[in-house]
Each structure stands twice: as C-alpha cells, then as structure tokens.
Protein chains: 2
Amino acid sequence: MDRRPVTLEEVARIAGVSRATVSRVVNGVATVDGELRRVVEKAISSTGYTPNRAARSLVTRRAGAIGLVLPDEGRTVHDPYFGRVVAGVLPVIRPLGVQLVLTTGDHREVVDDLRQNRLDGVILIHTHGADPLPRLLIEADLPVVLAARPVRPMPITYVDVDQAAGGALAADHLVSRGCRRPATITGPLETPAGQDRLRGFREAVAGHGLPEPVVVEGDFSREGGAAAARRLADADVDGVFIASDLMAAGALPVLRDHGRRVPEDVKVVGFDDSSPAVECDPPLTTVRQPVEDMAAEMARLLVQRVERPDRPVSSVVFAPTLVVRRSS
Amino acid sequence: MDRRPVTLEEVARIAGVSRATVSRVVNGVATVDGELRRVVEKAISSTGYTPNRAARSLVTRRAGAIGLVLPDEGRTVHDPYFGRVVAGVLPVIRPLGVQLVLTTGDHREVVDDLRQNRLDGVILIHTHGADPLPRLLIEADLPVVLAARPVRPMPITYVDVDQAAGGALAADHLVSRGCRRPATITGPLETPAGQDRLRGFREAVAGHGLPEPVVVEGDFSREGGAAAARRLADADVDGVFIASDLMAAGALPVLRDHGRRVPEDVKVVGFDDSSPAVECDPPLTTVRQPVEDMAAEMARLLVQRVERPDRPVSSVVFAPTLVVRRSS
DNA sequence: CTGAAAGCGCTTACAG
DNA sequence: CTGAAAGCGCTTACAG
C-alpha cells in the first residue's frame with residue numbers, strides 16, 4: 001500500500017501537461033485554455049490530488065493558518081464565549097483551506113510565529129487596556145483583528161457589538177415592563193464596554209423621560225455583582241440593568257436575601273447570554289451578542305487583510321439582541 | 001527594513017560552516033564537534049535564527065501540528081471541558097514547536113489532513129459509540145488518542161479517569177456523612193462512563209454493608225436529571241450520587257419542590273466539577289477529573305506515537321478526586 | 001566528524 | 001496560452 005500522497009507531477013503526467021499548467025488550474029488562474037482545464041480537472045479528481053501545503057508555503061511564504069490568541073491566563077479559555085468564537089471562525093476558513101491554530105498570548109511567540117510565516121495573522125480575544133500586543137503587531141504591520149474596540153483608539157481592525165445599543169435595549173425593555181425607577185450595575189468604567197453600556201442605558205432612560213438611574217460600578221465578576229447588589233438592595237428601584245450575566249448571578253441571591261423578589265419587586269436584565277444566565281434562578285433576561293457572526297466576520301476581515309495588506313483598516317459593529325426570560 | 005527571516009544559509013556563512021552542520025546543531029545531532037557546535041550556536045543566537053517549518057515539513061513529511069477534533073455539532077465547544085483540554089495540551093506541545101490546530105469532526109477532512117501531512121496526529125474528544133472515526137483512523141494506522149475509553153474495545157490509545165473509582169469516592173463520602181439509604185441517578189448505561197460510575201458506586205456501597213442502592217437511569221442532561229429526580233423524590237433515600245453535575249443541577253430544584261432539603265434531608269454528590277456545580281444552590285459536592293493533567297498526557301502520548309509509530313499502544317487512567325461543597 | 005549535492009513539491013517570472 | 005527552469009529553505013544519504 002502506497003502511503004505517499006499524489007503530487008502535482010503525477011497529475012501533470014496523467015493529464016499530459018506541464019506542472020505549471022496543473023498549478024494554474026489548481027490556483028484558478030483564468031488564462032488556462034478551457035479544454036486543457038477540463039482534462040486537468042479530471043486528472044485531479046481521478047487521483048484525489050490535494051496540494052502539499054508545506055511545498056506551497058515554502059514558495060508563497062504563506063502559512064495557510066491563522067492564530068486564535070488566548071490570554072496568558074488559562075482562565076478565559078473556560079469561558080463559553082471562546083467556544084462560540086471557534087464555532088464562528090471555522091466555517092469561514094475551512095473552505096479556504098486555512099487552519100485555525102490555538103496559541104497563548106506570549107508576545108514573543110506570537111510575533112515570531114507571524115514573522116516566520118508559521119501564522120498568517122491572528123485574532124486577539126480578551127485583550128485588556130494594558131496589553132501591549134495589539135500595538136506591537138500594528139507597529140510591525142502584522143495582520144491582526146481584535147474582538148473588541150481597543151481601550152485607546154488605534155489604527156486596528158476590530159469587530160464589536162454595539163455596546164451602547166445593548167444598554168438601550170435593556171432600558172427600553174425595563175420601561176416596557178413597567179419600571180419607573182431604574183438602576184444599573186456597570187462594568188469597570190475604564191473599559192469601553194463598561195462605559196458604552198452605561199451611556200446607552202442612561203440615554204435611553206432619559207429618552208423615556210425617567211429620572212437619572214442609580215449607578216453602581218461593578219467589575220464584571222460574580223463577587224463584584226454581589227457587592228454592588230448589597231449597595232442597591234435597599235434603594236428605591238424597580239429595575240436593574242446589570243452589565244454582565246456573571247455579575248447578575250452574584251446579585252440575584254443578594255436581592256433575594258434582602259427580601260426583594262425578582263421579577264415581582266425588581267426586574268433584572270443581564271448582558272452576554274452566557275451560561276450563568278440560564279442557570280440563575282430565575283433565568284435571566286439578557287442582552288445577547290451575536291458572537292458566532294462576529295467571529296465569522298473577524299475571520300473574513302483577517303483573511304482579507306492577509307491577502308491585501310495594503311487595504312485600509314475597517315472595523316465592523318454588530319447589533320445586539322434581547323433574550324427575554326423570567327427575571328423581567 | 002528587511003522582512004525576510006534569517007535562513008540556515010546565512011547562519012552557516014556567519015559560522016563558517018556548511019548548511020548541513022548548522023542543521024545538525026539545530027536538530028541536536030550528537031556527532032557534531034564541541035567547538036564547532038559552540039560557534040554555530042553563537043551564530044544562531046546572534047541572528048535569532050528559527051527554522052522555517054514549511055521547508056522542514058517538506059522534507060521530513062511532518063506537519064509540526066496536531067489536531068484537536070471537535071464534534072461536528074458546535075455544541076460541545078461551549079463546554080468548559082474543552083477549555084481545560086486546551087489548557088492542558090498547550091504547555092506540552094509549545095516547547096516542542098508543535099502547533100495545536102482546531103478542526104471539526106468531518107471524517108474525510110480529518111483523514112485527509114492526516115494523510116496529506118497537514119496534521120501529524122489527532123486528539124478526539126467527545127466521541128460516541130456510533131462514531132466511525134476512531135476505527136477509521138486505527139485501520140489507516142494514523143496517530144490518534146481518545147479522551148475516553150472507547151465504547152467497544154479496540155487497539156487504540158486513550159486517556160481516561162477511573163470512573164469506577166469516582167463512583168466509589170461518592171459512595172464513601174455519602175456514607176461518611178451518615179447516609180444509610182443510598183440512591184444514584186446514572187448516566188446512560190450503554191456508555192462506559194455510565195456503567196463504570198454505577199459499578200464503582202454499587203461496589204463501594206456494598207463494601208460498607210449497606211443495602212443495594214436505588215438506581216434510576218439518566219442521560220447526562222439537565223432535563224434527564226430532573227426527570228430521574230421526580231422518580232426518586234418520594235423514595236426513602238438519604239443520599240444520592242448523580243453521575244453528572246448537569247443532571248444534578250436539574251435534580252436539585254425538583255427535590256426542593258418535593259420538600260426534600262439538601263443537604264439536611266438528602267445529601268447529593270455530582271460528577272465533573274463543571275460550572276453547574278458551582279452555580280447550583282446549594283453548590284455541589286462533586287467528583288473531579290484532572291482534565292488538564294489528562295489532556296497533557298494525551299498530548300504526550302500522541303507526540304510519542306507520532307515519533308515512534310511502532311511502539312505498542314498504551315493507555316493511561318487517572319484517579320479522580322472529591323470536591324466537597326455544601327450539598328453534602 | 002563534515003561538506004557537496006540531491007531532492008522534498010510546489011509557484012512564478014521568463015521565453016516563446 | 002503553455003512549458004522549461006529556477007528557486008523557496010530545509011534534511012539526509014553519501015563520500016571522504
């Protein structure tokens with residue numbers, strides 16, 4: 001049994017043409033004569049030929065692979081968000097013959113992999129303000145796409161959800177449910193997501209002619225949500241927009257302990273539609289990001305960037321949706 | 001600014017030796033003269049040389065990459081288990097210069113990737129009994145490691161937790177907490193995990209001189225757990241081993257609705273130590289698999305298999321541990 | 001122990 | 001439009 005895969009050489013011999021011609025057909029070069037093309041295509045399918053990517057890589061200096069950079073901390077890998085990103089990226093790149101490589105956020109390694117053509121570009125998820133990697137990559141002019149708007153403005157391609165629109169969605173929903181005395185537990189206010197969700201919520205509340213909402217700053221963590229809820233438990237509010245499901249999961253038991261029933265006394269809307277949203281009691285109404293779609297778009301933008309590095313950077317912002325459950 | 005990475009050629013010129021010699025030093029061939037080796041090493045570090053993997057791949061017929069095969073269903077990607085696997089594999093293969101490629105379970109693609117040297121081997125997680133992929137890979141003699149013992153015995157390398165020992169751990173704990181009338185909600189009894197957890201639990205219960213436990217078959221799902229709990233709610237039992245946290249999360253509200261307090265009236269032990277275990281009310285005592293360690297071992301076994309395909313297949317079984325929380 | 005040389009399987013100017 | 005040929009950057013028999 002022959003373990004050696006079919007090569008271009010063999011296809012060429014069978015089709016009675018040169019290797020160059022087969023190569024052109026494989027790569028879809030338009031100038032090949034129609035009849036010849038047909039002969040070659042038949043030879044390809046009869047042999048089951050697939051190009052050897054190492055050989056191709058060697059001459060094109062393309063890896064045929066993009067990287068998904070995880071934070072150094074294993075922490076975020078556990079996040080279901082991560083799986084949704086993968087589910088969005090894969091269907092876009094597989095048909096292109098591009099592989100998805102998982103890599104940790106070690107800066108040297110990422111830059112090295114890119115420089116040495118082991119990776120054609122990278123998708124960065126969960127970068128924080130202090131992370132120097134985005135700027136490093138921009139300065140080296142290496143293809144990169146961020147999964148969120150960077151903390152400080154920079155000439156980089158990113159894909160994000162319209163955070164402010166998400167806050168507004170929450171406000172509109174609470175109002176439609178009869179809330180008149182709104183409050184919010186925000187994310188960390190030094191992050192774009194924290195700021196924008198608050199701004200959107202505030203503006204929509206004002207748009208409904210309601211009083212300025214009570215604002216307590218949180219930190220996106222379960223404990224942070226619980227702490228913020230303690231400060232809110234005795235306030236005169238009847239609806240709370242909590243800027244992450246995880247914080248909401250921390251807040252719910254606190255509200256209950258203070259005798260505030262959800263949704264009867266106070267309605268709650270979260271953000272993310274992550275697993276805590278479903279596992280909470282009651283299950284959370286929440287703002288959902290179309291993560292799979294966003295990830296697919298990141299993959300498309302990255303591939304585009306790899307193929308046409310000269311193109312100007314462009315970013316894309318997606319609209320969030322509301323998932324209604326029993327907490328409101 | 002020169003974007004071209006340093007090549008073997010340049011290092012050889014700088015060190016005043018042939019390319020072959022540099023190659024030998026890079027690959028740790030022992031026969032190189034000590035002095036020469038030092039000169040070459042200096043040239044390497046002064047230039048920051050890293051081998052071009054496409055070129056190397058082309059001649060060695062090794063991809064320098066292994067695949068992590070996800071189930072076709074995007075479903076399981078969302079599982080935190082997946083992230084723990086990645087966190088375990090990466091530290092093992094990075095130092096070896098091996099990449100981790102994510103791929104879906106399409107059989108043709110997996111076999112093709114392996115045959116065409118785009119992947120040196122694959123790790124299969126979440127395969128079920130009907131999945132033909134493991135057998136396909138064995139028959140083609142392609143390197144593969146399973147994340148669990150296969151449903152039907154086959155000559156394949158796998159890494160698993162000692163499921164029976166996990167069941168015994170649960171039994172011992174319940175008994176030590178004073179339970180005398182045990183019950184269990186099992187996994188699907190056609191799976192090895194379902195069978196073994198039950199067997200281990202039963203044997204340990206018998207070993208303590210207690211009566212045969214009440215057994216209700218479940219299916220590892222939340223709803224299945226709830227359904228099984230309804231059949232158990234009015235039984236005369238004071239301790240339940242539930243073979244997955246997810247089922248336990250479904251069972252807990254049912255028990256509560258039937259007026260059975262956890263842990264006062266009935267103690268509960270789950271399995272997996274997954275996120276539902278923490279998010280349950282009360283949080284679950286549960287059997288934990290050392291997933292990161294197991295994943296690291298899978299990576300090691302796979303790399304070994306790639307390097308020495310002749311070696312006999314061996315598998316590894318890890319011991320589970322008990323995580324005690326408030327449900328017991 | 002070391003080097004000259006062949007060759008891995010492609011792509012791509014360059015002629016024609 | 002097509003082919004002959006060079007070349008991508010390595011590894012590895014093969015001599016010496």
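Letters A, B, ... mirror the listed sequences (proteins, then strands); counts begin at 1.
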What is the distance, to the nearest angstrom, from the [atom1] atom on [X] to the [atom2] atom on [N]?
{"X": "A:Asn117", "N": "D:dC10", "atom1": "CG", "atom2": "P", "value": "11 Å"}
{"X": "A:Asp33", "N": "D:dG3", "atom1": "CG", "atom2": "C1'", "value": "14 Å"}
{"X": "B:Glu10", "N": "D:dG9", "atom1": "CD", "atom2": "P", "value": "9 Å"}
{"X": "A:Leu8", "N": "D:dA4", "atom1": "CG", "atom2": "C1'", "value": "14 Å"}
{"X": "A:Asn52", "N": "C:dG7", "atom1": "CG", "atom2": "P", "value": "17 Å"}
{"X": "B:Ile44", "N": "D:dC10", "atom1": "CD1", "atom2": "P", "value": "11 Å"}
{"X": "B:Glu9", "N": "D:dC8", "atom1": "CD", "atom2": "P", "value": "9 Å"}
{"X": "B:Arg56", "N": "C:dC10", "atom1": "CZ", "atom2": "P", "value": "21 Å"}

side-chain contact (heavy atoms from CB on, under 4.5 Å) partner of B:Val122, chosen from B:Val144, B:Leu142, B:Leu133, B:Val111: B:Val144
Heavy-atom nearest nucleotide on DNA chain C for A:Ala20 versus B:Leu58: which residue maps closer to 5'? B:Leu58
Taking for A:Arg24 and for A:Arg19 the nucleotide of DNA chain D with the nearest heavy atom, the one nearer the 5' end belongs to A:Arg24
When you check the phosphate oxygens OP1 and OP2 of C:dG9, does a side-chain N or O of B:Arg61 lie under 4.0 Å from one of them? yes
Is the shortest side-chain N/O distance from A:Ser23 to OP1 or OP2 of C:dC10 below 4.0 Å? no
Looking only at heavy atoms, which two atoms of A:Pro153 and A:Arg135 are closest? And how far apart? O-NH2, 4.3 Å
Which heavy atom of B:Ala295 sits nearest a heavy atom of B:Gly88, and at what distance? CB-CA, 4.0 Å
[options]: which one has an atom nearest the side-chain heavy atoms of [X]?
{"X": "A:Val17", "options": "D:dG3, D:dC1, D:dG9", "result": "D:dG3"}
{"X": "A:Val59", "options": "C:dC10, D:dG9, C:dA4", "result": "C:dC10"}
{"X": "B:Thr21", "options": "C:dC10, C:dG3, D:dT2", "result": "C:dG3"}
{"X": "B:Tyr49", "options": "D:dC10, D:dT2, D:dG3", "result": "D:dC10"}

Using modelled atom types and a 3.5 Å cut-off, is there a donor and acceptor pairing between side-chain atoms of B:Arg53 and backbone atoms of B:Ala63? yes
Pair assignment for C:dG3, Watson-Crick or G-U wobble, requiring both distances under 3.5 Å: D:dC14
Ignoring hydrogens and geometry beyond distance, is a side-chain donor-acceptor pair present between B:Gln304 and B:Arg311 at under 3.5 Å? yes
